[in-house]
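Naming convention: chains lettered A, B, ... in sequence-line order (proteins, then strands); numbering from 1 in each chain.
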There are 2 protein chains.
Amino acid sequence: MSTPPERVTIKDVAAAAGVSKGAVSLAFNHKPGVSEATRDRIFAAARQLGWAPNSSARSLSRNSVDTIGLAVCRPARLLGLEPFYMEFISGIESVLVERDCSLLLRLVGSLEEEIQLQQRWWRERQVGGSILVDFHQRDPRIAPLRKLGLPAVGVGHPDLTGGFPSLWTDDATAVAEAVRYLAALGHRRITRVGGPTGLGHSAIRADAFERTMRELGLNGGRHVETGFSGEEGARATRMLLLSSDRPTAIVYDNDIMAVAGLGVAAEMGVSVPDDLSLLAWDDSQLCRLTHPTLTAMSHDVHGFGAEAARVLFDVIAGKEVTSRPVSTPSLVPRGSTAPPRR
Amino acid sequence: MSTPPERVTIKDVAAAAGVSKGAVSLAFNHKPGVSEATRDRIFAAARQLGWAPNSSARSLSRNSVDTIGLAVCRPARLLGLEPFYMEFISGIESVLVERDCSLLLRLVGSLEEEIQLQQRWWRERQVGGSILVDFHQRDPRIAPLRKLGLPAVGVGHPDLTGGFPSLWTDDATAVAEAVRYLAALGHRRITRVGGPTGLGHSAIRADAFERTMRELGLNGGRHVETGFSGEEGARATRMLLLSSDRPTAIVYDNDIMAVAGLGVAAEMGVSVPDDLSLLAWDDSQLCRLTHPTLTAMSHDVHGFGAEAARVLFDVIAGKEVTSRPVSTPSLVPRGSTAPPRR
DNA sequence: AGCCGGAGGTGAACCGGTAAAGCTCAGAAG
DNA sequence: CTTCTGAGCTTTACCGGTTCACCTCCGGCT
């Protein structure tokens with residue numbers, strides 16, 4: 001596609017510095033074999049000519065790439081609203097910058113499309129490895145991508161990532177904490193508005209929710225399944241508030257739906273937190289902007305992204321890495337939760 | 001970084017198909033010179049071996065790259081909340097996919113850092129060109145990047161993009177529409193809560209705001225400058241509502257700040273829209289989730305991103321491209337605006 | 001004097017593709 | 001029966017780096 005106008009190569013630099021191109025290569029890679037003085041001359045010449053090593057040529061002869069891939073499979077309209085991803089990406093990049101690497105990002109429409117994409121990326125050696133996110137139950141990506149030999153790290157519970165080294169937040173414990181908190185406030189009818197159950201972490205949270213409710217001797221627990229969008233969160237909330245045995249507390253799977261829930265409560269004249277407690281997940285800044293502010297399960301998404309990148313580099317380097325959890329989300333109480341009005 | 005285990009090259013495919021590698025190259029690039037039958041054999045062999053052309057080798061010999069760059073200079077915490085960027089990116093990608101290209105994304109901390117980055121990207125031929133966003137007044141990126149010869153398209157008014165072909169939304173007209181609408185409702189004390197004036201489009205909107213207010217004979221117009229964050233939007237709103245001649249309408253520069261403003265109004269017992277009208281910008285889904293819903297200036301951000309990518313490809317291809325506006329944001333009235341209570 | 005060793009280079013072979021020139025052969029034109 | 005033509009391949013020279021074997025000094029040691 002591009003046809004650069006001028007092109008200065010290592011040969012030009014070598015000529016300018018009066019050395020061979022081998023010497024330039026040595027100097028630029030900080031390898032021994034060139035004297036201090038020559039090194040300086042080489043760098044001066046390179047700076048003068050505005051030269052930097054052509055990354056294609058470099059990765060061709062080194063047989064390596066300094067790019068990692070991330071494909072995200074959610075509708076763009078949702079993604080934009082999920083503060084999670086940008087935070088996560090910025091965490092990844094904080095690590096990439098240190099190593100002069102880059103992130104290849106792609107939004108895909110389906111898991112099948114992602115499989116195609118990852119295969120291409122890897123076969124064409126466009127990436128050295130990938131970070132895989134949003135695991136489904138019996139995720140179709142696992143078999144083909146493992147067979148491919150793609151170095152990758154999975155973001156999700158090891159039960160879901162099928163053999164890929166993985167990093168995950170202990171959602172089960174977090175859900176339990178959220179439910180126990182609401183129960184301690186006196187809530188008995190608690191509903192969870194979750195993501196699609198096909199999505200692995202939604203299923204895990206759903207399980208943990210039911211288990212905890214049972215442990216607490218509460219049988220008023222219910223789930224509603226949504227697609228994570230604010231609109232669906234709003235619809236679910238509206239439906240719940242209209243039902244005969246309406247919940248006194250709702251736990252949302254992200255913060256957009258919680259904000260939407262708050263909107264619906266206001267619209268229907270249901271007072272939060274007096275008549276209804278709301279608990280959000282992921283705790284972006286949004287949770288502090290509403291009135292009342294939103295109690296939320298909070299975690300360090302930036303750090304999560306960074307850790308994922310670090311682990312991926314280890315995988316690529318061939319190190320033995322073991323799956324492990326990152327820090328568990330913890331409850332940050334704010335204005336949207338209170339004891340139910342008796 | 002990566003050292004792939006097995007590596008199948010064009011030579012292996014050629015051998016498997018019983019032809020020379022030149023023939024494989026011809027076949028894979030859909031060039032004439034190979035018979036139907038041979039082509040089929042080659043593709044069969046490639047599929048069999050799971051081969052795809054190594055992208056480094058390809059771009060080295062073609063002297064071209066199929067990657068474009070995007071560096072975004074805003075704090076990650078803000079970015080995650082700005083639905084704008086993900087939408088914009090998804091627009092870009094919709095075009096990239098058609099052309100089998102990729103997006104190199106980087107979040108940077110300052111414009112100086114971006115200059116360094118773009119220089120590296122271009123000199124190392126990591127990208128074929130870049131999309132430049134968030135222009136400042138007398139943007140420091142312009143001179144060095146033009147000198148560099150980087151193919152680029154600027155997202156912003158031509159007055160700001162200093163010679164880069166550019167694409168922009170006509171914010172001046174949009175601001176005028178917003179102000180006229182509020183004025184028509186009967187508002188006279190209208191305040192604008194804008195982004196940092198260093199940012200080009202903020203300045204343009206500020207100008208247009210003042211001009212329109214003057215044209216309408218209103219001198220109760222004021223600006224508050226913020227950094228686009230929800231927190232700052234909240235603080236600005238709080239300050240405005242506490243002032244002696246408090247505005248009856250506020251125009252925000254993005255939708256996060258508008259949501260924050262709504263929160264503050266609720267917190268202070270100011271009724272929206274009866275006591276205060278609020279108008280948001282960019283119109284993400286968020287605007288439909290609050291109560292009341294937010295009147296907003298709406299535009300097609302996805303299409304904007306797609307168009308930017310298309311223009312960049314033209315620039316890279318050496319076509320003569322001229323700067324032009326994309327569709328002007330238009331007002332979508334919702335529940336947060338009404339005539340002021342007299 | 002002769003030999004050795006290491007610092008500081010050089011040169012050529014490669015990495016895996018693309019592109020352009022060259023070769024071969026069947027069939028059409030003269 | 002040549003000669004020409006062009007379709008269908010092969011050959012070979014790159015692309016711009018990295019790497020490794022090898023060369024050349026120069027000082028120190030025996």
S.K.: Distance from A:E36 atom CD to A:R41 atom CZ, nearest 0.5 Å?
M.R.: 12.5 Å

S.K.: Nucleotide by nucleotide, 5' to 3', does protein get under 4.0 Å of the base (B), only the sugar-phosphate (S), or neither (-) in nucleotides 13-19 of chain D, counting heavy atoms?
M.R.: --BBBBB

S.K.: Find out whether B:F28 and B:V34 are in side-chain contact, i.e. whether some heavy atom of one side chain is under 4.5 Å from a heavy atom of the other.
M.R.: no

S.K.: To the nearest Å, how far apart are A:E36 CD and C:dA7 C1'?
M.R.: 13 Å

S.K.: Is there side-chain contact between B:F135 and B:R141, with at least one heavy-atom pair below 4.5 Å?
M.R.: yes

S.K.: Could you give the side-chain donor-acceptor pairs of residues 158-167 of chain B under 3.5 Å, partners two or more places apart or in another chain?
M.R.:
from, atom 1, to, atom 2, distance (Å)
B:T161, OG1, B:F164, O, 3.3
B:T161, OG1, B:S166, OG, 3.4
B:S166, OG, B:G156, O, 3.3
B:S166, OG, B:S323, OG, 3.3

S.K.: Check the distance between C:dT18's C1' and B:H30's NE2 and give it to me in whole angstrom.
M.R.: 16 Å

S.K.: In whole angstroms, how far is the P atom of D:dC9 from the CD1 atom of B:I42?
M.R.: 8 Å

S.K.: Answer yes or no on whether B:R125 is positioned over the face of B:W122, meaning its NZ or CZ is under 6.0 Å from the six-membered ring centre and within 45° of the axis.
M.R.: yes

S.K.: For B:S59, answer base if it contacts any base atom (sugar-phosphate contacts may also be present), sugar-phosphate if it contacts only those atoms, and nothing otherwise; contact means non-hydrogen atoms under 4.0 Å.
M.R.: nothing

S.K.: Can you tell me how far the OG atom of A:S102 sits from the CG atom of B:L104, to the nearest 0.5 Å?
M.R.: 4.5 Å

